[in-house]
Amino acid sequence: MAERAEQVSADVDVLLVGGGIMSATLASLITELEPTWSIEILEVRDGLAQESSNAWNNAGTGHAALCELNYTPERPDGSIDITKAVTINEQFELSRELWHHLATHDRLPGGTGFLSTTPHMTFVRGEENVDYLRRRFETLRKHPLFSDLEFSTDPEQIAEWAPLLVADRDPEQPIAATRAAAGTDVDFGALASSMVADSVARGARLRLESEVTKLKQRKDGTWRVTVRDRRWNGHRRARTLTARFVFIGAGGGALRLLQRSGIPEAKGFGGFPISGQFLRTTNPEVVAQHQAKVYGKADIGAPPMSVPHLDTRVVDGETALLFGPYAGWSMKFLKHGSWFDLVRSIRPGNIVPMIAVGLKNTSLVKYLIGEVTASETDRLRTLRAFMPTAHPRDWELITAGQRVQVIKKVKGRGGALEFGTELVTSADGTISGLLGASPGASTAVATMLDLLERCFPERASEWQPRLRQMMPSLGGGTWDESFELDQLVDETVNTER
């Protein structure tokens, strides 16, 4: 950036599009690493973190692969592959380390109320699933990151961990569960708002109700960005500004903005929108009986993001339970988006991948149709598979956030549907955007560190010492060494309540 600054001038050094956890994380990192850089954050809504980062638009699971079965697939020979689980756990620890650094340096105006200790559990039924969970547990516990994982097939023990899973259940049904006591529940909306507030206090500018409508790269490498004023008295006025670097962290809106930028790296990408709903209860008698995030096994043909789970949620200091998600389909790319989002995202370069994905994922389409047409009785039946004593009077249906899964061009296959996240960066490193969904929020720090390395390679070595001070695990120590890491995690846990 310094080298670019010597050659050109711009209104801002860094322009962040979107007011969710991704932009908030990047703003926190840059204000620490380069406090003299000018930053502007644009958000189309009238408040921060109103889409996927909002507390009620996601399950708030601090994804550390402690309970999510889709991160530990079974190999053809019956062994369990924990590679992805280890990677995600390491990435989540980076997030916790940054949050801890910010909190201990008075850089989280909202405090640490966004983070709550909530055990992570996996619960399965049936002999085949019990056998798989046992093999998964035996493989995971050999790794230092998962050494504290517990396993049981004893209904009495499982009832101690989570009574609602066992009450009134058929005693002849084989069941099993694993439990990680140090799991977390995260209010990513509150965290994002706090991080942005800190960045603003350190000089960043925040503009709400500001919609990016055009992006065009100038000959000098900077970006000319047109922004529409969406305030009620803004009269749809537009302004333009130039930025040396642009990050598009706009959730489901990122794909269309990347397409508008015209960078070749965005060609071939498409989006498959999946909506969702949760059942929620705030009944104190029910809530008091469950203190965990309990993940099950997805139905055949269901996407990984639709794995059923019964979750404790702590939002604004109040505790509730969520069950779901019940998947659905919508042409919107954002919860508050347009019904034409999907159609407008179609380009000559992504038609083939999108058609290929549709033809190859008929089981997913069938699953989504079943979810969309599900009745209240169907939803209750699914809940009772987890919680046999569930009564409909205690639960209400709420709409979750919109997720846009990545459709990616794949040579020889037409296209593939991805259920993770994809960082799309221009060759010159002047613009980058994030596509996809889970486990995005939990691994935001690792993703933004990747972005900094890819977009600012000339600064990477200079930034490393400071980054290692903020996140000690970046210092090269192995994960089975305690050095400062165990103490750091313990201190973080102690501030959660």
Side-chain angles (χ1 to χ4, degrees), residues 1-2 5 10-55 94-115 186-210 212 225 227 229 231 239 241 243-251 315-317 441 444-445 447-449 451-452 455-456 459 462-463 465-471 488 491-492 495-496:
M1 182 68 75
D11 296 319
V12 294
D13 293 311
V14 177
L15 181 66
L16 307 178
V17 184
I21 189 64
M22 292 296 172
S23 291
T25 299
L26 186 54
S28 288
L29 289 170
I30 291 178
T31 54
E32 182 84 26
L33 296 171
E34 297 290 347
T36 63
W37 286 7
S38 56
I39 301 174
E40 184 163 322
I41 305 169
L42 303 177
E43 167 56 46
V44 70
R45 302 279 296 159
D46 60 359
L48 294 168
Q50 295 298 300
E51 287 284 343
S52 296
S53 298
N54 179 270
L94 282 178
S95 293
R96 290 184 61 156
E97 288 183 44
L98 177 63
W99 303 341
H100 179 268
H101 168 82
L102 295 175
T104 54
H105 288 77
D106 297 322
R107 290 196 54 188
L108 287 179
T112 56
F114 65 89
L115 191 65
V186 187
D187 184 341
F188 287 106
L191 173 61
S193 296
S194 186
M195 294 172 84
V196 169
D198 169 69
S199 295
V200 169
R202 295 166 71 89
R205 295 194 299 269
L206 170 64
R207 295 184 186 273
L208 300 175
E209 297 182 273
S210 297
V212 173
V225 183
V227 184
D229 186 343
R231 292 175 297 179
R239 68 184 180 98
L241 71 156
R244 295 194 185 92
F245 173 75
V246 178
F247 170 65
I248 303 174
V315 180
D316 296 330
V445 174
T447 303
M448 293 301 100
L449 289 175
L451 179 148
L452 289 175
C455 296
F456 303 96
R459 312 287 289 186
E462 181 182 336
W463 287 341
R466 184 59 185 142
L467 289 172
R468 289 171 182 172
Q469 289 178 358
M470 299 160 65
M471 292 160 281
L488 176 65
E491 290 177 358
T492 305
T495 66
E496 291 171 359

With sequence neighbours excluded, residues passing side chain to side chain donor-acceptor pair (under 3.5 Å) with Glu462 = none
By side chain to side chain contact (heavy atoms under 4.5 Å, CB included), which residues pair with Ala197, not counting sequence neighbours?
-> Pro109
One should read off an interatomic distance between Leu98 CG and Arg96 CZ, to the nearest 0.5 angstrom, of 13.0 Å
Salt bridge (Lys or Arg N to Asp or Glu O under 4.0 Å) pairs touching residues 14-23, sequence neighbours excluded, are none
Validation: residues 187-196 side-chain donor-acceptor distances under 3.5 Å, sequence neighbours left out:
from: Asp187; atom 1: OD1; to: Gly189; atom 2: N; distance (Å): 3.2
from: Asp187; atom 1: OD1; to: Ala190; atom 2: N; distance (Å): 3.0
from: Ser193; atom 1: OG; to: Gly189; atom 2: O; distance (Å): 3.1
from: Ser194; atom 1: OG; to: Gly110; atom 2: N; distance (Å): 3.0

Would you say the side chain of Val212 lies within less than 4.5 Å of the side chain of Ile248, judging by non-hydrogen atoms?
-> no
Residues passing the side chain to side chain donor-acceptor pair (under 3.5 Å) test with Arg207, sequence neighbours excluded, are Glu40
Enumerate donor-acceptor pairs with a distance under 3.5 Å from any side-chain N or O in residues 20-28 to protein atoms, sequence neighbours excluded.
from: Ser23; atom 1: OG; to: Gly18; atom 2: O; distance (Å): 2.7
from: Thr25; atom 1: OG1; to: Ile21; atom 2: O; distance (Å): 2.7
from: Ser28; atom 1: OG; to: Ala24; atom 2: O; distance (Å): 3.2

Which heavy atom in Trp37 sits nearest to a heavy atom in Asp13, and how many Å separate them?
-> CA-OD2, 3.2 Å
Can you sort out the partners of Phe114 under ring pair (Phe, Tyr, Trp, His ring centres under 6.0 Å), two or more places apart, ordered by chain and number?
-> Trp99
Pairwise side-chain contact, Leu48 with Leu206, heavy-atom cut-off 4.5 Å (strictly under) | yes
Is the closest side-chain heavy-atom distance between Met470 and Leu29 below 4.5 Å?
-> yes
Would you say the side chain of Phe247 lies within less than 4.5 Å of the side chain of Ile30, judging by non-hydrogen atoms?
-> no
Side chain to side chain donor-acceptor pair (under 3.5 Å) partners of Thr31, counting only residues at least two apart = Arg107
With Glu209 via side chain to side chain contact (heavy atoms under 4.5 Å, CB included) - residues at least two apart | Asp46, Arg230, Arg231
With Glu34, which residues qualify under side chain to side chain donor-acceptor pair (under 3.5 Å), at least two apart?
-> Arg459, Trp463
Counting N and O atoms only, with roles assigned by atom type, does the side chain of Glu97 sit under 3.5 Å from a partner on the main chain of Ser95, one being a donor and the other an acceptor?
-> no
